[in-house]
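What follows is one structure encoded as structure tokens, with my remarks underneath.
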Amino acid sequence: MTEEFKDKGFATRAVRVGHRRTPEGEQSEPIFPTSSFTFDSAEQAAARFAGDEPGNIYSRFTNPTVRTFEERLAALEGGESCVATSSGMSAILSTMMGLLEAGDHVVSSISIFGTTRVLFDKYLSKFAISTDYVQLSNLEQWRQAIKPETKILFLETPSNPLNEIADLAALSALAKENDCLLVVDNCFCTPALQQPLALGADIVIHSATKYIDGQGRCIGGAVVGDAELVGEQVYGFLRSAGPTMSPFNAWTFIKGLETLDLRMKAHSASALELAQWLEQQPAVSKVFYAGLPSHPQHELAKKQQSAFGGIIAFEIRGGKADAWKLINALEWLSITANLGDSKTTITHPATTTHGRLSDEARALSGITDGMLRISVGLETVDDIKADLSRGFAAL
């Protein structure tokens with residue numbers, strides 16, 4: 001972290017960290033859209049490539065705009081290093097490929113993004129890296145699933161889309177007992193609402209595509225942790241394999257971080273109001289939102305998070321048919337599987353985000369045919385309710 005901002009507040013760090021003004025004296029962070037960088041001499045070029053002298057070499061792994069984003073996000077998460085990647089999925093891939101080897105084992109929450117499970121089951125398995133799945137909030141299942149070859153405990157909290165909460169302090173203690181790394185996907189909360197490293201996690205992963213951008217413009221990801229695991233091992237994979245964030249996308253995410261604190265508070269406030277309203281709808285059998293007292297991990301969420309985020313899942317009594325009817329009756333809510341946008345979005349997880357999972361895997365994850373997921377945007381919440389009311393009327 002830039003030393004002069006080390007003791008500053010979250011919002012100040014989100015606006016200021018990582019920007020080193022050029023001789024032009026710019027106020028906004030510059031974009032460096034260049035593939036390579038020049039050297040003063042052959043000796044300097046050799047020193048840069050050997051790692052004996054810091055500095056820019058090639059934008060696959062050194063770019064000033066990307067570095068500004070990395071330093072800023074690391075400062076917000078409380079990490080020593082950050083590696084920015086081309087997508088959230090490439091952040092997960094880079095972490096696994098950088099830290100694991102053939103014969104290693106991963107214990108993962110079953111309540112993860114569908115594509116993450118495909119990555120583990122279909123692709124990591126090709127490299128003799130095995131994965132077992134457990135219920136996110138069942139600490140005893142985590143304990144029983146750990147083997148001598150287990151290297152990583154992986155989870156999302158809150159989970160997608162059920163808003164299930166993991167006890168990070170308890171999982172951190174379990175990981176340390178078994179010489180494992182605790183890797184937490186913090187996409188739903190962002191560091192504005194939750195800081196897993198402070199709760200004992202070793203590595204934090206982000207899909208910057210979501211709330212860090214906040215306006216649905218760019219694809220990107222990030223890995224945050226210490227200087228050795230992330231700054232050397234994950235970075236080493238990125239340098240060689242090249243799942244690199246572009247300078248333009250990095251600049252967009254830098255701008256997103258400037259308003260992250262404000263936006264996450266607004267998303268959370270509207271989502272809580274909407275979740276309370278959804279609980280009152282006759283067609284809804286259950287609402288999954290950690291901000292509701294009815295949520296089984298409500299007290300844990302209050303302890304770990306400063307607010308509850310913008311994602312709500314709820315079940316329609318009429319199953320898939322009525323879930324689709326509701327979606328199709330909406331006038332302006334966006335039907336898309338993305339989340340974290342300033343625009344409210346709605347999707348049917350069983351046939352979109354988790355559609356590639358088997359019926360059994362979806363059932364174990366709690367994804368029913370009648371479930372809908374809403375990413376609550378920044379519109380007037382009464383207008384969101386009004387459009388959803390059209391959907392309920394169609395039932």
Side-chain angles (χ1 to χ4, degrees), residues 9-19 28-29 31 65-66 68-77 82 84-91 113 156 158 160-161 163 185-195 204-224 245-274 291 305-312 332-347 353 373-381 383-384:
F10 184 93
T12 302
R13 283 177 279 140
V15 171
R16 294 285 182 175
V17 167
H19 181 196
S28 181
E29 297 81 359
I31 306 174
T65 313
V66 177
T68 298
F69 168 69
E70 290 173 334
E71 290 185 6
R72 192 166 296 183
L73 184 58
L76 297 180
E77 282 285 7
C82 173
T85 65
S86 57
S87 68
M89 288 308 306
S90 68
F113 179 44
E156 302 171 9
N160 179 14
N163 267 275
D185 185 325
N186 197 27
C187 176
F188 274 22
C189 278
T190 81
L193 304 185
Q194 175 177 260
Q195 295 177 9
V204 171
I205 288 177
H206 283 284
S207 172
T209 311
K210 310 304 192 293
Y211 287 109
I212 288 175
D213 176 5
Q215 296 182 53
R217 298 165 293 190
C218 293
I219 301 290
V223 186
V224 183
M245 179 179 286
S246 77
F248 178 82
N249 287 13
W251 182 84
T252 305
F253 297 138
I254 290 166
K255 296 292 105 180
L257 288 176
E258 291 182 356
T259 61
L260 182 64
D261 192 40
L262 295 170
R263 289 186 288 107
M264 292 310 296
K265 290 174 181 174
H267 285 299
S268 298
S270 292
L272 178 57
E273 182 176 340
L274 188 66
Q305 303 167 203
S306 61
F308 303 104
I311 306 300
I312 304 170
W332 57 267
L333 293 189
S334 300
I335 307 170
T336 177
N338 194 30
L339 60 89
D341 202 317
S342 57
K343 300 178 177 69
T344 298
T345 68
I346 189 167
T347 194
T353 57
R373 187 193 73 191
I374 293 180
S375 172
V376 182
L378 300 178
E379 306 96 341
T380 303
V381 70
D383 294 332
I384 301 172

Distance, nearest 0.5 Å, that separates CD1 of Ile311 from OG of Ser268: 10.0 Å
Spatial distance of atom CZ (Phe308) from atom CG (Asn163) [nearest 0.5 Å]: 10.0 Å
Any side-chain heavy-atom pair of Thr65 and Ile254 under 4.5 Å: yes
side-chain hydrogen bond (donor to acceptor under 3.5 Å, both in side chains) evaluation trace for Thr12 with Arg16: CA-CA 6 Å; Thr12 302; Arg16 294 285 182 175; over 6 Å; no
Those residues that, when tested against Thr347, pass side-chain contact (heavy atoms from CB on, under 4.5 Å) (two or more places apart): Ala337, Pro349, Thr352, Arg373
Note, Phe10 side chain near Gln195 side chain (heavy atom, < 4.5 Å): yes
Shortest non-hydrogen separation from Ser334 to Lys343 and the atoms involved: OG-CB, 4.3 Å
Glu273: partners by salt bridge (charged side-chain N to carboxylate O under 4.0 Å, His left out), with sequence neighbours left out: Lys385
Side chain Glu156, main chain Cys187, donor-acceptor under 3.5 Å: no
Check: Leu73 and Phe253 side chains under 4.5 Å, non-hydrogen atoms: no
Donor-acceptor under 3.5 Å (Asn249 side chain, Cys218 main chain): no
Close side-chain approach of His206 and Glu77, heavy atoms under 4.5 Å: yes
Donor-acceptor contact below 3.5 Å, side chain Gln305 vs main chain Gln194: no
Flag, side chain of Thr68 to backbone of Gly18, donor-acceptor distance under 3.5 Å: yes
Stepwise side-chain contact (heavy atoms from CB on, under 4.5 Å) test for Phe69 and Leu257: CA-CA 9 Å; Phe69 168 69; Leu257 288 176; 3.8 Å; yes
Ile219 side, atom CD1; Thr252 side, atom OG1 - distance, nearest 0.5 Å: 11.5 Å
Distance-minimising heavy-atom pair for Glu379 and Ile384: OE1-CD1, 3.7 Å
Contacts of Thr190 that satisfy side-chain contact (heavy atoms from CB on, under 4.5 Å) - sequence neighbours left out: Ala192, Tyr211, Leu260, Met264
All salt bridge (charged side-chain N to carboxylate O under 4.0 Å, His left out) counterparts of Asp185, not counting sequence neighbours: none
Distance, nearest 0.5 Å, that separates CE of Met245 from OG of Ser87: 9.0 Å
Closest non-hydrogen atom pair between Ala74 and Val224, with its separation: CA-CG1, 4.0 Å
Atom of Cys189, atom of Pro158 and distance for their closest heavy-atom approach: SG-CD, 3.4 Å
Polar side-chain atom of Asp213 near backbone of Gly256 as donor-acceptor pair, under 3.5 Å: no
Ser306: partners by side-chain contact (heavy atoms from CB on, under 4.5 Å), with sequence neighbours left out: Leu193
Donor-acceptor pair, side chain of Arg263 and main chain of Leu378, under 3.5 angstrom: no
Minimal non-hydrogen separation, Val17 against Ala75, with atom names: CG1-CB, 3.9 Å
Distance in Å, Thr85 OG1 paired with Glu70 CD, rounded so as to fall on 0.5 Å steps: 9.5 Å
Heavy-atom closest contact (Ile205 atom, Ala91 atom, distance): CG2-CB, 4.0 Å
Residues which pass salt bridge (charged side-chain N to carboxylate O under 4.0 Å, His left out) with Glu29, listed by chain and number, not counting sequence neighbours: Arg72, Lys255
Evaluation steps, side-chain contact (heavy atoms from CB on, under 4.5 Å), between Val376 and Ile312: CA-CA 8 Å; Val376 182; Ile312 304 170; 3.8 Å; yes
Thr344 (side chain) donor-acceptor with Leu333 (main chain) under 3.5 angstrom: no
Gap between atom CE of Met89 and atom OG of Ser207 - 0.5 Å precision: 9.5 Å
